[in-house]
Structure formats: structure tokens, C-alpha cells
Amino acid sequence: MEYNFSEIEKKWQKNWNDTKAYKVSNISSKPKYYVLDMFPYPSGAGLHVGHPLGYIASDIYARYKRLKGFNVLHPMGYDAFGLPAEQYAIEHGIHPAISTENNIKNFRSQLDKIGFCFDWDREVKTCDAKYYKWTQWIFLQLFNSYFNRVIQKAEPIEKLIATFTQEGNIHNEIPDASFQPSNSKFQISNSKFSAEEWNAFDEKTQQEILMQYRLAFCGYGEVNWCEALGTVLANDEVVNGVSERGGHPVIKKKLRQWYLRITEYADRLLQGLQTVDYSDAMKEMQTNWIGKSIGAEISFQIVKGKTLNNSNSFTTYHSPLTVYTTRPDTIFGVDFCVLAPELDYIMDIVSAEQKQAVEEYITYVKSRSDRERQAEKKITGCFTGAYAINPFNNKNIPIYISEYVLAGYGTGAIMAVPCGDERDFKFAKHFNIPITNIIGEHFNGEEANPTKDAILSNSHFLNGIVMKDAIEIVVDKLVELKIGKRKINYKMRDAAFSRQRYWGEPFPIKWKDGVAIPLNEKDLPLLLPDVETYSPGPEGEGPLANIESWTIQQLETNTMPGYAGSSWYFLRYMDNENETEFASKQATDYWNQVDVYVGGTEHAVGHLLYSRMWTKALYDLGFISFDEPFKKLVNQGMIQGSSRFVYRITLRADISELNSNELISNKFNSNKNIFISKSIFEKVKDNQELANQLLKSKFSELGIEGFEKLKNIEAALSVLHVDVNMVDGYELNIEEFKKWRNGEYANAEFILEDGKYMCGAEVEKMSKSKFNTVNPNDLVEKYGADTFRMYEMFLGPVEQSKPWDTKGIEGVHRFLKKLWRLFFDEMKGKVWNEEKATDTELKILHKAIKKIEEDTERFSYNTAVSAFMVCVNELADTKCNKKEILEPLLILLTPYAPHITEELWHTLDNVTSVLDANYPTFNPQYLVESSKEYPVSINGKLRTNIVIALDATQQQVEQIVLANDIVKKWVEDKPIKKIIFVKNKMINVVV
RNA sequence: GCCCAGAUGGCGGAAUUGGUAGACGCAGCAGACUCAAAAUCUGCCGUUCGCAAGGAUGUGCAGGUUCGAUUCCUGUUCUGGGCACCA
């Protein structure tokens with residue numbers, strides 16, 4: 001009886017399905033455990049071997065926890081709204097709902113073959129109206145809430161309105177300090193208004209003000225606008241400043257956008273990190289993203305640039321230049337100021353001489369993405385002709401604009417201190433701005449020194465003070481002189497929450513006279529209507545703007561972004577059929593936080609921060625009773641593709657002296673595909689002469705005539721991706737290659753090495769376009785799901801990225817066959833027996849239990865797989881076929897290879913499923929040792945091993961070691977300084 | 001440019017807290033079984049010197065701390081992920 005994996009896997013998958021083996025109840029006496037995978041987007045390309053890595057990891061953990069006696073929730077669903085389906089619809093006219101549904105079917109059938117323990121009854125799809133009804137509902141909660149800064153918590157907006165009518169906004173300052181109502185009749189001074197003022201505002205003004213507080217709010221923001229395509233582009237649709245499709249210019253354009261006021265949660269998001277089990281790197285990335293910094297805002301009076309008709313006098317601009325700085329101590333080292341080029345008032349302060357240059361520079365910056373602006377090494381900028389006055393010494397400071405200052409951070413203006421900041425230093429050098437040294441010898445004139453420990457000089461009242469002490473002194477002074485204030489800043493910006501696209505959740509919002517009116521909750525879901533075309537609407541609006549029945553109702557034409565549905569899906573799994581609530585309180589109280597969340601670091605700051613914010617908001621509003629969604633995060637690495645290359649050599653020559661008959665009859669064209677093997681390519685790639693010779697001899701070998709008539713022969717080399725699936729290791733399967741791409745290379749010629757065509761290789765991202773994707777189903781077909789699962793885990797640590805190589809899968813398959821042979825012999829049939837196990841056999845088993853349990857617990861699956869191999873190897877060596885040993889081993893292996901273990905489990909006369917067996921308990925008594933073979937080093941170099949009893953004392957050890965011949969040889973008669981003895985580890989003799 | 005991570009044999013990786021570098025597997029080499037192949041089993045397998053015994057050397061690179069460093073520190077190179085509208 002041999003290991004027939006395909007039959008076994010089919011059988012048990014059907015059985016588990018029929019018996020609803022993975023159905024999970026919300027009511028159980030067992031402790032709960034929630035294992036979640038990051039929401040997949042069902043892409044049209046289907047699964048490749050990289051996708052299931054995390055799913056297998058979480059599946060193993062879920063199954064392990066179940067064996068450990070937990071009620072385990074392990075659901076799966078689809079983040080089904082998204083750009084690719086819409087793009088596909090634009091190109092093929094197929095409704096995204098249809099293509100998405102097809103993709104999901106394909107995804108599901110691929111997943112099913114791998115044998116996951118998902119409870120499919122809990123499946124959710126974000127594009128399903130039953131689901132997005134609740135996404136819209138949560139949006140309304142956010143819209144109808146504000147963040148009370150006093151208690152650091154979201155509250156219903158009614159409460160804020162009530163406060164306004166009684167006390168104005170004395171205790172609730174407007175988050176955006178520069179806000180003014182559009183109706184100039186109602187101006188707000190100092191961001192403050194009284195109850196009387198509030199009550200006097202008209203309805204529209206009141207709504208405008210409330211919008212400044214709502215957690216989901218409307219504002220204006222810049223988007224990538226492509227005039228030629230008439231549409232807004234995603235960042236990754238823009239390459240080098242032009243659209244990826246068509247290469248049209250892309251500029252920044254301001255459009256009305258929805259936002260989530262995540263900045264209000266900045267501090268809570270930071271604090272929450274202390275309560276969750278994420279990697280330090282992950283916490284650091286989120287912390288840096290939030291980017292909290294403590295500093296000060298300082299106001300400088302602006303002296304406007306000269307105007308032509310009034311060339312001698314400077315005038316003071318009506319409002320000051322406010323900069324944000326974390327280093328107010330360097331105030332006397334400010335040699336210039338830099339503004340973000342998009343600030344409105346630049347054109348008000350620019351001098352006539354500089355006007356044109358500034359305008360040109362602003363146009364240039366408009367075509368640049370934030371990323372490009374920050375990554376740019378070349379220093380660019382433009383003087384405005386205006387000056388800022390240093391409030392402490394009245395020094396005139398030139399004002400520049402430059403792309404390295406971003407409008408979105410701080411005030412969009414900086415005070416530049418070249419002696420202390422590298423970018424400022426380079427800028428000063430570039431524009432020949434004199435540098436003031438305020439840190440004495442700490443500044444060498446060659447590079448900036450960002451120290452905080454220098455003693456200040458050239459700094460008036462700060463002279464002689466250490467920089468870090470000066471910070472507070474300056475801030476106090478700023479406050480005293482009313483020219484600045486203490487300020488905490490966050491790098492994080494409010495989250496843009498709308499897209500000018502079709503395939504997303506519609507906003508439950510109507511517009512009336514410029515006021516956003518939320519739909520009534522009972523009118524949800526607001527269904528996504530069908531459209532004729534998926535092309536954009538007028539003025540950069542989304543496709544919904546093309547539907548008259550939509551616009552006539554004055555419904556919002558933007559749709560929600562991809563992360564709307566994925567910000568709360570983990571809650572819906574808890575109670576996915578609920579039609580009256582997003583999830584019942586009973587369900588969310590029972591399942592509570594996700595205990596283990598498995599996914600890639602690519603979601604480090606996007607998805608994870610958004611879902612953390614949504615959770616906090618829902619918590620604040622009393623809908624759930626926990627304010628962090630994910631207790632523990634496990635980051636899986638990416639599986640990279642291992643691409644294979646072939647090398648083509650083509651002829652370039654002057655054929656003018658050939659007549660056309662010759663051209664047709666000769667075989668230059670039909671034989672243009674000549675491929676040379678890797679090592680030959682390596683030889684000729686930098687040697688044109690050799691390449692030409694190679695080509696010439698190949699042509700004469702092929703009997704192609706007329707070669708000698710050609711002039712200026714030149715061999716051209718090109719490197720082409722070739723499908724990894726037709727390469728065995730590095731050797732190309734030439735027959736398959738000839739059939740590839742509808743026989744494009746059917747007539748190809750090859751120059752081989754040792755009779756083989758060897759390919760080049762490189763590790764790249766796994767993607768269809770690189771022909772390096774491997775379909776998991778092909779491997780499941782060939783080796784079975786159990787082998788595939790274990791091999792994915794055996795590749796390396798879950799959290800590490802690694803290239804895929806199918807070759808090694810044989811080893812894991814052999815392991816399972818070897819396990820099988822412990823139960824069944826090809827000749828003899830059943831070999832397992834019920835004899836009593838020996839101490840040696842128990843030791844093998846318990847060593848495995850200890851190692852595998854520990855490794856599974858810490859997601860070190862690759863070493864666990866090794867431990868299984870070691871165990872089975874040792875059992876085979878000792879010819880152990882005893883049920884007493886094999887049965888617990890099967891349970892250990894169940895999370896990793898559920899099919900084979902279920903089959904063998906039943907072979908051992910069990911009638912219930914192995915899925916609910918009891919995990920074996922480790923007994924340390926079987927592993928007790930009395931002595932150890934100690935490695936003995938002399939001066940840190942290993943020289944010998946000596947077996948010594950474990951209870952030996954330092955003196956006994958020293959005696960034994962010094963009596964050893966090899967030790968004596970190395971010690972010779974040098975004096976012994978010290979003997980280091982670490983019990984159960986090693987011995988080192990220092991001479 | 002900024003933030004984060006990684007780098008160990010021909011390859012994937014192991015070494016969990018500073019203590020025998022290379023577990024386990026792949027590939028390769030030699031052998032057993034076989035008419036043969038497959039399957040299976042046994043042995044070898046970082047580099048280098050040596051017939052061997054045994055030595056030297058070796059964890060991206062350059063330094064440092066330590067009796068002892070793949071592990072800690074400083075600097076540096078390269079690769080991967082993210083940088084706010086891919087998901």
C-alpha cells in the first residue's frame with residue numbers, strides 16, 4: 001500500500017466539507033482564539049505560490065490552537081473593490097462585479113485544493129451590498145462624530161453642537177487654525193467664537209464649521225490629474241511624472257475630497273502600540289509615520305520684495321511668515337527661510353524682478369510628485385525677493401521657495417539653519433548664502449552638524465548656553481513676546497478617503513446648497529448603480545457623475561477607497577449574516593480582538609493604521625469593547641520569483657549590396673532567433689569581436705549563404721525572460737520552449753554548452769510579466785497539498801522574504817513517503833504494531849514534541865519541519881513502527897499535513913477526526929542526560945571534545961581537562977591564566 | 001532622499017540568552033539493490049595546505065568590545081519592503 005496523496009486528499013477534503021468540520025460557533029465552552037489573514041484582493045492573475053505562504057502559516061496555527069483545545073475562528077473573504085477590476089472594465093467593457101466574481105471563484109478553487117481550515121460560511125466580500133451597507137453605516141457614524149480633545153475620545157456631533165450653543169468653541173478649538181467660513185459676513189478671529197456668535201451664524205456657516213470637526217469630513221486636496229486622459233491617476237499609474245498609460249503629462253490638481261480625521265487619533269495610535277504585540281520594526285514604522293515632534297511655531301514679519309514702480313521702498317506684508325521648527329535654539333543661526341512652492345501667498349510677496357522665475361519654478365514643482373521632491377539630490381529653488389525679519393535681532397533673512405519643503409507638513413515653511421542641518425547647508429552652498437556659525441568648533445564649514453550638545457555662540461541672549469537647554473528658553477521667550485508658541489506636530493496627515501472612481505462604496509451623502517446631508521440609516525445600503533461607461537465624469541469627477549438619475553438626486557459622486565471595506569472586515573467575520581447590526585455586541589464581545597494577524601509588511605502604515613483608527617472610533621462610540629483590533633501581528637515575507645533568462649543573438653548588418661531576391665531566399669529573417677547558452681553569453685557579452693565570430697560560424701553551420709556579402713556585421717545581444725516552468729533548475733527544456741507563445745520560437749536555433757541550454761537567473765518580484773510565477777495547483781497536483789504546505793514552510797522563516805525554487809520540494813515529499821513507510825511497507829503491507837515503546841523511542845518522540853511545540857508557538861515552521869524530518873529519520877533508523885510513538889507524532893503533524901495524518905490516524909483504528917485530537921504533552925523525564933560531550937577550546941580555538949558528567953564541579957572539570965593529552969599538547973608549558981567553564985555549554989582554557 | 005528589514009557553503013536555510021558555524025533539505029559525487037530504470041538505502045560534500053594524522057582560513061565589507069562574536073557596538077556596501085490614490 002503506497003502513499004496515494006491525491007486520493008487521500010480528495011477523500012478527506014470531501015469528508016471535512018460534508019461534516020462541516022471547520023464550522024465555528026459563536027457559542028462555546030472552550031476559550032476562543034481568532035486567527036486572521038490579511039484580506040486578499042482577488043486579482044485576475046489568480047494565486048501564485050507567494051500568496052498562500054501566510055495562509056498556510058495561519059492555517060497551521062489555527063489547527064494547532066484547535067488541537068490545544070480552543071474554539072478557533074479562522075475566516076477568509078475578499079477585499080473586492082479596487083482599481084484593477086475597474087481598469088479591466090474600461091478596457092474590456094465587462095462589469096467589475098462580473099470580473100470580480102469570476103476572479104473570486106478562481107481564487108476559491110485554488111485555495112480549496114491546499115486544504116485550509118477556513119469556515120467558509122463566514123465569507124465576506126466588500127463589494128456585496130450586504131457588506132458595504134455597514135461600511136456606509138460606519139462612515140455615517142464617523143461623519144456624525146467629532147474628536148473631543150479634552151477627553152481624547154470621539155463623541156456624537158450633537159454633543160458638540162450643544163456645547164457650541166452654550167459656550168461657543170472655547171474648549172474645542174478648530175483643528176485647522178486657518179479656517180474661515182466662506183460667508184465673509186461671519187469671520188472668526190483667533191479660531192474662536194462665542195455661543196452668541198455661533199447662534200448668529202447661518203445654517204450653512206454652522207455646517208461649514210461642523211465639517212471642520214467631523215471625523216469623516218470634506219475638504220480640498222491635490223490629486224494627480226491627467227488632462228489627456230481626463231482622469232485622476234493613482235500614484236503607481238504615474239511614472240516619472242507622466243501617465244503610465246500613454247505617457248501623458250500629469251499635474252497636481254485640487255479637488256474636493258473626503259478625509260478621515262486620523263490626525264486626531266495620532267496620540268492614541270502611538271499609545272496603543274504599547275499594548276499590542278507587533279514587531280519592533282513595525283511599531284517603529286508606525287511611530288515614524290505618525291511622526292510626532294515637539295517644537296515651536298515662530299512668526300517672522302515679511303518684507304515684501306521690491307516692486308518696479310516703487311523700487312526703493314520695501315513694504316511689510318500684512319501677515320507674518322510662520323515656520324515650524326523642532327530646534328528653536330538655533331534661531332540665531334537662521335540664514336534664510338524656505339517656503340513650499342504651493343503656498344498661496346508667495347505671489348503676494350514676490351518681487352517684480354523675481355516674479356517670472358518664481359512662476360516658472362512653481363510650474364516645474366507642479367509636475368513633481370512628493371516622492372520625487374524628497375528624493376531629489378539636485379538642489380533647486382528660487383529666491384522670492386522678499387525677506388523675513390528675525391524677531392530677535394531684526395536680521396533680514398532672504399525667503400526662498402524650494403521643492404524640498406512640503407506644504408503638507410508643519411506650516412509649509414521652514415527657517416533654515418545651514419550650520420546645523422545638512423539639507424539647509426547644501427542649499428546655502430548652492431545659492432551662495434553666507435552661513436552663520438552658532439556652534440563654534442562643532443561646525444567645520446565642510447558639513448552641517450545637527451548636534452544638540454554644542455554651546456551656543458553668535459546667539460545674543462543664548463550665548464554660552466548648551467543647545468538642548470536653550471530650546472525651552474527660546475520657547476518661553478517666544479510666548480512672552482507673543483511671536484510664537486509651543487507646538488506639537490505630526491508628520492501624519494488626514495487620510496484621503498475618496499476616489500474619483502466607479503468600483504467602490506458610494507458615499508451615503510447628498511449635497512444641498514453646498515452642504516453635505518447624510519442619508520438616513522434606514523436608507524442604507526445606497527446601492528452602486530450601473531453605469532454605461534467606466535470613463536471619468538466631467539471636471540475630474542468619478543463615473544457616477546455621468547449618471548443623471550444619480551446627479552439629479554445630488555448624491556455624492558465620489559466613491560470610497562479600497563481601504564474602507566478592509567478597515568473593519570475582521571468585525572464582520574464574527575457575525576457576517578447579521579442584518580440589523582454590523583456585528584452583534586455579543587459576537588464582538590466573545591471573539592474580541594484578533595489574537596494573531598498574519599500579513600505582509602507592505603500594510604505597515606496604510607491598512608493597519610486605518611483599521612486601528614476605525615476600531616478606536618467604534619470603541620469610543622460604544623459599539624465594541626476593545627480599542628485595538630489586532631493583538632499580535634505576524635509579518636510574512638514575500639516570496640520572490642526566480643526568473644530565468646535566455647540570451648538571443650541577432651545579426652545587424654548593412655544589407656544594401658544584397659539584391660532583394662537574395663534577401664527573400666536567404667534565411668536571415670526566418671532564422672533570426674538564435675539563442676546562446678549562459679556561459680557562452682558570458683564570454684561574448686563584452687567582446688564584440690567574439691560575438692561576431694560566433695554568429696558567423698553559426699550561420700555557416702546552418703548553411704546560410706551570402707554572409708560574406710554583408711558589410712558591417714554586428715552581433716546584437718538581448719536578454720529575454722523565459723517561463724520558469726519550462727526550465728529544470730537552469731536547464732531549458734528546448735522542446736517546450738519551441739512550443740511557447742504559440743510557437744514564436746519554433747524555428748529557433750541554439751548554441752549549447754555540454755549539449756544543454758543553460759539559462760541565466762535572477763531574483764525578482766513574482767509577476768506574470770516576468771514569467772516567473774508558479775501556480776500552487778500545479779504543485780498540489782504533482783506532490784499533494786500536504787507536501788506543498790510543508791515545503792512552503794520549509795523554505796525559510798515565515799517573516800523573511802525568499803526566492804521560490806521548486807526544486808527542493810522533492811525532499812519534503814520524500815519525508816512524507818518515509819513517514820508513510822513507518823506504517824505500511826510496500827511488500828509486507830501493514831507494519832505498524834502495538835508493542836511497548838523503548839526509552840530510546842520515547843526520547844525521540846519527546847524531543848520532537850518539545851521542539852515542534854516550541855517552534856509552532858513562535859511561528860518557526862521551517863525548523864519545525866526539520867524536526868519532523870529528524871524524528872522520522874531516527875524512527876526509521878531504529879525501525880520503530882509502534883503505535884505508541886506514531887500516534888502522538890501524527891497529532892503533532894496534523895496542523896502541517898492534515899490529510900495524510902487524518903488518513904493514518906484512521907488507519908490506527910481511530911473513529912473521530914484527528915482535527916480534534918488532544919495535543920501530546922511533553923514529558924521532560926525522557927530527555928534527562930547524565931553527561932555531556934564538552935567542546936574544549938584553547939584560547940578560543942576548538943581543539944577537542946571531552947565527555948564530562950553534568951554534575952561535575954569547576955575543580956573536577958579543570959582536572960579532567962588539564963589531564964587530557966590534546967589539551968596538554970596545545971598548552972605545552974605556557975602558564976594557564978584561566979579556565980572558563982560554562983555548565984552544559986563549553987570549556988575554554990586561556991594560556 | 002527618508003523610514004524599516006536582510007546579507008551564512010553550489011542553492012534554501014540552522015545555530016532560540018555572546019559559547020562546537022553549516023542542523024534539515026536540495027543539488028553534486030561515490031557505492032549498494034536491479035537485466036535496466038524508477039523507488040529505496042549507505043557514504044562523502046565550505047575553501048585551502050596535506051598521502052594521512054592534522055593545520056590554516058571562513059557568516060557582505062572595514063574596524064571595535066570580549067577568554068570567546070553569525071550573535072553586541074561604530075562605520076560602510078549591496079538587496080528587498082514602504083513613503084500617503086496598487087492592494
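Convention: sequence-line order gives letters A, B, ...; per-chain numbering from 1.
- Contact of A:Gln374 with B:C83 (side chain to base): no donor-acceptor pair of N or O atoms is detected under 3.5 Å.
- None of A:Ser643, A:Ser642, A:Ser767 except one satisfies the side-chain hydrogen bond (donor to acceptor under 3.5 Å, both in side chains) rule with A:Asn772; the exception is A:Ser643.
- Put simply, the residue from A:Phe81, A:Trp568, A:Trp614, A:Phe497 that forms a ring-ring contact (aromatic ring centres under 6.0 Å, His included) with A:Tyr563 is A:Phe497.
- Using a 4.0 Å heavy-atom criterion, one finds that A:Val223 contacts the bases of the nucleic acid, with or without backbone contacts as well.
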Hey, what are the protein-to-nucleotides 69-74 of chain B N/O distances that come in under 3.5 Å?
none

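- Checking B:C4, B:U40, B:C85 against every side-chain atom of A:Asn235, the shortest atom distance belongs to B:C85.
- Residue A:Gly82 is in sugar-phosphate contact alone, with no base atom involved, counting any heavy-atom pair closer than 4.0 Å across all strands shown.
- Candidate nucleotides B:A84, B:A87, B:G1 were compared by shortest atom distance to the side chain of A:Met492, and B:A84 ranks first.
- Using a 4.0 Å heavy-atom cutoff across all strands shown, A:Arg373 reaches no nucleic acid atom at all.
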Donor-acceptor list for residues 868-875 of chain A side chains, cut-off 3.5 Å, not counting sequence neighbours:
{"from": "A:Asn873", "atom 1": "OD1", "to": "A:Lys818", "atom 2": "NZ", "distance (Å)": "2.8"}
{"from": "A:Asn873", "atom 1": "ND2", "to": "A:Met869", "atom 2": "O", "distance (Å)": "3.3"}
{"from": "A:Glu874", "atom 1": "OE1", "to": "A:Lys847", "atom 2": "NZ", "distance (Å)": "3.3"}
{"from": "A:Glu874", "atom 1": "OE2", "to": "A:Lys847", "atom 2": "NZ", "distance (Å)": "3.2"}

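- Between B:A7 and B:U34, the two C1' atoms lie 46 Å apart (nearest whole Å).
- The partner of B:G1, taking Watson-Crick or G-U wobble pairs whose two distances both stay under 3.5 Å, is B:C83.
- In terms of the side chain to side chain contact (heavy atoms under 4.5 Å, CB included) criterion, residue partners of A:His603 (sequence neighbours excluded) are, by chain and number, A:Met38, A:His607.
- In this structure, the side chain to side chain contact (heavy atoms under 4.5 Å, CB included) partners of A:Arg371, at least two apart in sequence or on a different chain, are A:Ser369.
- Counting any heavy atom pair closer than 4.0 Å across all strands shown, A:Asn873 reaches sugar-phosphate atoms only and no base atom.
- If you take atom P in B:U57 and the same atom in B:G68, they sit 15 Å apart, rounded to whole Å.
- Under the side-chain hydrogen bond (donor to acceptor under 3.5 Å, both in side chains) criterion, A:Trp970 pairs with no residue at all, not counting sequence neighbours.
- Its glycosidic angle being within 90° of 0, B:G9 falls on the syn side.
- B:C72 is paired with B:G64 under the Watson-Crick or G-U wobble criterion, all donor-acceptor distances under 3.5 Å.
- Side-chain nitrogen and oxygen atoms of A:Arg371 include none within less than 4.0 Å of the OP1 or OP2 phosphate oxygen of B:G82.
- Counting any heavy atom pair closer than 4.0 Å across all strands shown, A:Gln257 reaches a base atom.
- Distance check on atom C1': B:G75 versus B:G25 gives 37 Å, rounded to whole Å.
- As judged by a 4.0 angstrom heavy-atom cut-off over every strand, A:Lys977 is placed among residues making no nucleic acid contact.
- With C1' as the reference atom, B:G6 and B:U66 are 26 Å apart, rounded to whole Å.
- For A:Ala375, there are no side chain to side chain contact (heavy atoms under 4.5 Å, CB included) partners at least two apart in sequence or on another chain.
- Every residue two or more places apart in sequence or in another chain that forms a side chain to side chain contact (heavy atoms under 4.5 Å, CB included) with A:Val405 is listed here: A:Val338, A:Ala340, A:Ile414.
- Salt-bridge check for A:Glu602 with A:Lys765: failed, with every basic side-chain N at 4.0 Å or more from each acidic carboxylate O.
- Nearest-nucleotide mapping onto RNA chain B: of A:Glu810 and A:Pro561, the residue sitting toward the 5' end is A:Glu810.
- Contact annotation: the side chain of A:Arg245 approaches that of A:Glu91 to within less than 4.5 Å [non-hydrogen atoms, C-beta and beyond].
- Residue A:Trp289 places its side chain closer to B:C83 than to any other of B:C83, B:U40, B:G55.
- If you check every strand for non-hydrogen atoms under 4.0 Å, A:Gln500 touches a base.
- Ion pair A:Glu222/A:Arg493 not flagged as a salt bridge, since none of the NZ, NE, NH1 or NH2 atoms sits closer than 4.0 Å to an Asp/Glu carboxylate oxygen.
- Here, B:A36 and B:A52 have their P atoms 33 Å apart, quoted to the whole Å.
- Between A:Glu854 and A:Arg858, no side-chain nitrogen of the basic residue sits less than 4.0 Å from a carboxylate oxygen of the acidic one, so the salt-bridge criterion is not met.
- With both ends at atom P, the span from B:U17 to B:C73 equals 14 Å, rounded to whole Å.
- The aromatic rings of A:Tyr259 and A:Phe217 sit parallel to each other, their planes meeting at less than 30°, with 60° as the upper class boundary.
- Comparing the same atom, P, in B:U71 and in B:G19 gives a spacing of 11 Å after rounding to whole Å.
- For the pair A:Arg493 and B:A84, the criterion of a side-chain N or O lying under 4.0 Å from OP1 or OP2 is not met.
- When heavy atoms are screened at a 4.0 angstrom cut-off, A:Val232 is found touching base atoms of the nucleic acid.
- One atom, CG of A:Asp877, and another, C1' of B:G43, lie 14 Å apart when rounded to the nearest Å.
- Residues that satisfy the side-chain hydrogen bond (donor to acceptor under 3.5 Å, both in side chains) test with A:Thr856, not counting sequence neighbours, are A:Tyr896.
- Near RNA chain B, defined here as any heavy-atom distance below 4.0 Å, the residues from residues 39-49 of chain A are A:Tyr41, listed numerically.
- Between A:Lys807 and B:C26 there is no side-chain N or O to OP1 or OP2 distance below 4.0 Å.
- Nucleotides B:G22 and B:A15 place their C1' atoms 9 Å apart, quoted to the nearest Å.
- Taking the six-membered ring for Trp and thresholds of 30 and 60 degrees, A:Tyr791 and A:Trp804 have ring planes more than 60 degrees apart, a perpendicular arrangement.
- A:Glu403 meets the side-chain hydrogen bond (donor to acceptor under 3.5 Å, both in side chains) test with A:Tyr364, A:Arg368, A:Thr380; sequence neighbours excluded.
- The side chain of A:Trp970 places an N or O atom within less than 4.0 Å of a non-bridging phosphate oxygen (OP1 or OP2) of B:G55.
- The residue A:Lys491 sits close to a base: some heavy atom pair falls under 4.0 Å.
- Counting only heavy atoms from C-beta outward, the side chains of A:Met790 and A:Leu893 approach each other to under 4.5 Å.
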Look for any protein N or O under 3.5 Å of an N or O in nucleotides 5-16 of chain B and output each such pair with its distance, or none.
{"from": "B:G12", "atom 1": "O2'", "to": "A:Leu795", "atom 2": "O", "distance (Å)": "2.4"}
{"from": "B:G13", "atom 1": "O5'", "to": "A:Leu795", "atom 2": "O", "distance (Å)": "3.4"}
{"from": "B:G13", "atom 1": "O3'", "to": "A:Asn862", "atom 2": "ND2", "distance (Å)": "3.2"}
{"from": "B:A14", "atom 1": "OP1", "to": "A:Asn862", "atom 2": "ND2", "distance (Å)": "2.8"}
{"from": "B:U16", "atom 1": "N3", "to": "A:Arg858", "atom 2": "NH2", "distance (Å)": "3.3"}
{"from": "B:U16", "atom 1": "O4", "to": "A:Lys851", "atom 2": "NZ", "distance (Å)": "2.7"}

Under 3.5 Å, which protein N or O atoms sit close to an N or O of nucleotides 17-22 of chain B? Give each pair with its distance.
none

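- Residue A:Asn288 has its side chain nearest to B:C4 when only B:C4, B:A87, B:C85 are considered.
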